[in-house]
Amino acid sequence: MTRYDPAEIEPRWQAHWVKHECFKTLEDPRLPKYYVLDMFPYPSGAGLHVGHPEGYTATDIIARYKRMKGFDVLHPMGWDAFGLPAERAAVREGRHPAEITQENIKNFKRQIQRLGLSYDWSREVDTSAVDYYRWTQWIFRKLYDQGLAYLAEVPVNWCPAQGTVLANEEVADGKYIETGDPVERRSMKQWMLKITAYAQRLLDDLDGLDWPPGVLEMQRQWIGRSEGAEVHFAIAGVRESSGAEERFTVFTTRPDTLFGATYAVLAPEHPLVEKITTDAQRAAVRAYVEKAKNTADKERMLAAEREKTGVFTGAYARNPANGELVPIWVADYVMMTYGTGAIMAVPGHDERDHAFAVKFALPIREVISGGADVQQAAHTGDGVAVNSGFLDGLAVEQAKAQMIDWLEERGSGVRRVTYKLRDWLFSRQRYWGEPFPILLKQDGSIVPLPEDALPVTLPHLEDFRPTSDGRPPLARAEQWMKVEVNGETLLRETNTMPQWAGSCWYYLRFMDPQNATLPFSPEAERRWGPVDLYVGGVEHAVLHLLYARFWHKVLYDCGLVHTKEPFQKLFNQGMILAYSYQDAAKKYYSPDQVEERDGQWFVKSSGVPVSTQIEKMSKSRYNVVNPDDIVAEYGADALRLYEMFMGPLEAVKPWQTSGVKGVYGFLDRCWSLLIDTKSGELSEAVRAEAEASPALLKELHRTIEKVGSDIEALRFNTAIARMMEFVNAAKKERSIPREVAEQFVLVLSPFAPHLAEKLWSRLGHPQSLSREPWPSYDPKWLVDDEVGIPVQVNGKLRASLTVPKGAKQEQVLELALAEPGVQKQLDGKPIRKVIFVPDRMLNLVV
RNA sequence: GCCGGAGUGGCGGAAUCGGCAGACGCGCCGGACUCAAAAUCCGGUAUGGGCAACCAUGUGUGGGUUCAACUCCCACCUCCGGCACCA
């Protein structure tokens, strides 16, 4: 072989790495540890797209670099293998989801291995394997024992066509986002996890994390802490069985405005609605509540800008601040799921209440001064209390505190913190998920299975649809369902866990993946936890990361992990988009059906003009790029390098196949720099063993320094640019001493490992370079003896000087004044001021 | 509406403790090699004017601070992502 030929090089080295277990985690306690993790993929039938290798290449470069820097690196890969798509495919194709999943995993693994990623495959995990999910069940038991898992009758999104509940995020506009099937609200008994018990800690512990600020903020907003008070309102004329006046409680963040509460609102689902409604209003209220019940939460929220609606109950509540009777309304702008499901309405100082009050002609009262006319618009800003009795004259913050104290003294209210975060609906009516380790008695009571009864394996089924009477698919396994305990027949839980369950702890299993007696050993956890760098898509910013943090904290409380947080540093790679082409009728064309003429795009066959835009890759837009095709044409090293060279890792950026050609050319030049393309042997320039020129050494050491610091900062695009500069400079040299060649090859190796290995062996090393130490640089080469100094006149560049480093102002000024360009600008005018920054610039002000 | 991020050549992008804007790559133009093409190699390439040296303009828009602004401050526009009647 004489030319660079990735198709020949790459498979050989991939085989070499596997054969010699080059990337096996050493488990050598003398070495410092480094745990670098990718968000493991769901193995879909569509296979890998070019977005996957982006994050995987980044972590691979880090892993290879850290190994060379002497770390014991844990860099594993596995499969988030349970999930609905395989189950749907199973129903469609009449096959078993396990079979489909294993097939997809095989394909994913093949594609990933073609990229030359340095995973320790001996640690591969599969969340749908029995030895994995038995431990998911085991951890669920821990949650149950801590009182954090409970069965509750809750309103859910039920999709009749799919026969399952759906998570809130799977529903939009009353439809299942995947299929468009209608979703209805239904009350069902479901497993819930009490994530709300950890709300404050999930919020507080965000502070110590090295995460993107956007993700931290999204988590904070999702948790949604707000401080305020609960205030009790007595209901005039409505009594409890004890004879005391019935009351309801509202949550407010503005107790300072209590004197301005001119009405109150209950959510349609509020339990007191039926009781307090007067006979005269009953028909209207019932009709309203009935309608609201059939509107899914999400849809109600989408109506944010919609006209307010509501119905008067006929009842009145006593405002505890001033004893006034205020009407109680029912309206769907108040939600049962937040706070107490009831509010005090202060139309003068809340925009929503204001809109409602205007529509229904309810009184509006100013109680905080400092705004415009509250009859026109709510004043939500700062000010001083007015029309508020004992609060008058106080600023908002003091008035809040004073009012809460006053309410607490009188038993009319209490200081309170609430969170938007809700408990986690943890069951699904599906087959392809973890069975719960739970038995149910005839009377509905719960019998958790002991540890030694695990795993509860999935029974074999032929039909994965729900039963005809609407029970989950597992109810078809009649024998499996029935369990005899002490002569009593108990039934297994037939719901399964959601897909999030397996991904909540997989990073822990990677630490000790073959453990048969525990999910992971304490020693392994102490060695490897926490994950040092976690890389994945921003789409998991809230749910996966919040759920995993929650489980981690529960395990921490059980003494099973030694860190409060699972992922110390998080990095989100940006999505890769692609150009798409559309004609006036919005019909899409694939890139090979179109051509460019004078900056305008046309369909080749018909000449019809098309518009071009950058969009998400999708089949229907004909703009999907398959990594297999790129590897086949340019090789894995070129694909890796291009994905890293496109731009900053975190940026969203468009794919351009022409860019792959560019980096391929660079790899080709690396090859021809060291290899004689006629003979295929090491080039004469390397073999000559001449002294390296100072210019070459300078380039080399700067490259070593820059590439190392860029890798540490995940700035791969500029690292590659620096290596290109090195090669461009080295090409001009007569000789490339072996030592220089070797150090450059080592620097290149994390990025283009196949080519680097090949060159390394040509340089006479029989062993893989994967454990060679990272080259060190000599700082003396990083400083110049001479520096270029720009000379400005009135801030504009007029000349450039080359002066010795550290040159004094007088010297530089003298040289500058001799420059014709400078003289022309000065034109005999006196110099008013000289600004001189040593080794940087000279500016003359005239 | 609120929160977060970003606007730089024909294109992807470099450069922000304020100090030569456009590194590196793509594309394009010219040249070498070739019967020719591909590949490869060499040179050029922000925009406007000029044969040229050179001059002017230029980092989304409008102001400001400074000897000096892609970088700092104020106001605004556009795009991307997230949240959205959360009391």
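Note on naming: letters A, B, ... go to the chains in the order of the sequence lines (proteins, then strands), and numbering restarts at 1 for each one. Atoms considered below: every heavy atom in the structure, side chains included; atoms not considered: hydrogens, waters and symmetry mates.
The side chain of A:Val334 lies closest to B:A87, out of B:C85, B:A87, B:C20. Taking every side-chain heavy atom of A:Thr253 into account, B:A87 is the closest of B:G25, B:C20, B:A87. Here the nucleotide nearest the side chain of A:Asn843, chosen from B:A68, B:C85, B:C17, is B:A68. Closest to the side chain of A:Met724, from the set B:U40, B:G25, B:C20, is B:G25. In this structure, the nucleotide among B:C3, B:G19, B:C85 sitting nearest to the side chain of A:Glu217 is B:C3. Comparing B:A87, B:G82, B:C17 by their nearest atom to the side chain of A:Arg840 picks out B:C17. Picking from B:C85, B:G19, B:G25 the nucleotide with the shortest atom distance to the side chain of A:Asn728 gives B:G25. Set against B:A87, B:C67, B:C24, the side chain of A:Ala721 has B:C24 as its closest nucleotide.
Atom name P, nucleotides B:G58 and B:U71: the rounded distance is 13 Å, in whole Å. Spacing of P atoms, B:U47 relative to B:G22, comes out at 14 Å, to the nearest Å. Here, B:C17 and B:G25 have their C1' atoms 30 Å apart, quoted to the whole Å. Comparing B:U45 with B:A23, their C1' atoms are spaced 15 Å from each other, to the whole Å. Rounded to the nearest Å, the gap between the C1' atom of B:G5 and that of B:A87 is 30 Å. Distance check on atom C1': B:C70 versus B:U34 gives 46 Å, rounded to whole Å. Look at the C1' atom in both B:A69 and B:U8: the space between them is 14 Å, to the nearest Å. B:C20 and B:A15 are spaced 11 Å apart, taking the C1' atom of each and rounding to whole Å.
Between A:Arg798 and A:Glu819 no salt bridge is recorded (no basic side-chain N to carboxylate O distance below 4.0 Å). Using a cutoff of 4.0 Å between basic side-chain nitrogens and carboxylate oxygens, A:Asp256 and A:Arg254 are scored as salt-bridged.
Residue order along RNA chain B, read from the 5' end via each residue's closest nucleotide, puts A:Ile720 first among A:Ile720 and A:Tyr664. Two residues, A:Ser800 and A:Gly214, neighbour RNA chain B, and the one matched to the more 5' nucleotide by heavy-atom proximity is A:Gly214.
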**OP:** Quick one: do A:Glu217 and A:Arg220 satisfy salt bridge (Lys or Arg N to Asp or Glu O under 4.0 Å)? Show the steps, please.
**Re:** CA-CA 5 Å; A:Glu217 196 48 37; A:Arg220 288 194 184 102; 3.7 Å; yes
Subject >> Pair A:Trp211-A:Phe571, ring pair (Phe, Tyr, Trp, His ring centres under 6.0 Å): steps then yes or no >> reply: CA-CA 7 Å; A:Trp211 284 22; A:Phe571 198 94; over 10 Å; no
Original post:
What's the verdict on ring pair (Phe, Tyr, Trp, His ring centres under 6.0 Å) for A:Tyr263 and A:Phe356, showing C-alpha distance, side-chain angles and the deciding distance?
Top reply: CA-CA 10 Å; A:Tyr263 65 102; A:Phe356 192 84; 5.5 Å; yes
**OP:** Starting from the C-alpha separation in whole Å, work towards a yes-or-no answer on salt bridge (Lys or Arg N to Asp or Glu O under 4.0 Å) for A:Asp710 and A:Arg722.
**Re:** CA-CA 10 Å; A:Asp710 277 351; A:Arg722 181 63 244 186; over 6 Å; no
**OP:** Begin from the C-alpha positions of A:Trp655 and A:Tyr579 and carry the test ring pair (Phe, Tyr, Trp, His ring centres under 6.0 Å) through to its verdict.
**Re:** CA-CA 7 Å; A:Trp655 179 273; A:Tyr579 286 89; over 10 Å; no
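Residues A:Pro6 and A:Tyr634 approach most closely at CG-O, 3.5 Å, considering heavy atoms.
Taking atom CZ on A:Arg225 and atom P on B:C83, their separation rounds to 23 Å, with Å as the unit. Put simply, CG on A:Leu546 is 17 Å from P on B:G82, counting in whole angstrom units. We find that CD of A:Glu230 is positioned 12 Å from C1' of B:A87, with the value rounded to whole Å.
With a cut-off of 3.5 Å on both pairing distances, the Watson-Crick and G-U wobble pairs of RNA chain B assemble into stems of 3 or more at B:1-7 with B:77-83, B:10-12 with B:24-26, B:27-32 with B:40-45, B:46-49 with B:54-57, B:60-64 with B:72-76.
Taking 3.5 Å as the limit, the base of B:C26 and the side chain of A:Lys661 contain no donor-acceptor pair of atoms between them.
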Original post:
Reading nucleotides 5-15 of chain B from the 5' end, what letters show protein touch, with B for base, S for backbone sugar-phosphate only, - for no heavy atom under 4.0 Å?
Top reply: ------SBSS-
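Looking at heavy-atom distances under 4.0 Å, A:Gly788 makes contact with a base. When heavy atoms are screened at a 4.0 angstrom cut-off, A:Gln792 is found touching base atoms of the nucleic acid. Here A:Arg798 lies in heavy-atom contact (under 4.0 Å) with sugar-phosphate atoms only.
Considering A:Ile835, A:Val834, A:Asn794 in turn, A:Val834 is the only one that fulfils the side chain to side chain contact (heavy atoms under 4.5 Å, CB included) rule with A:Leu844.
B:G58 takes the anti form, because its glycosidic angle lies more than 90° either side of 0.
Note: A:Phe233 and A:Phe248 have parallel aromatic rings, judged against thresholds of 30 and 60 degrees for the angle between ring planes.
Between A:Ser226 and B:A87 there is a side-chain polar atom (N or O) within less than 4.0 angstrom of OP1 or OP2.
Side-chain rings of A:Phe645 and A:Phe716 stay apart, their centers remaining 6.0 Å or farther from each other.
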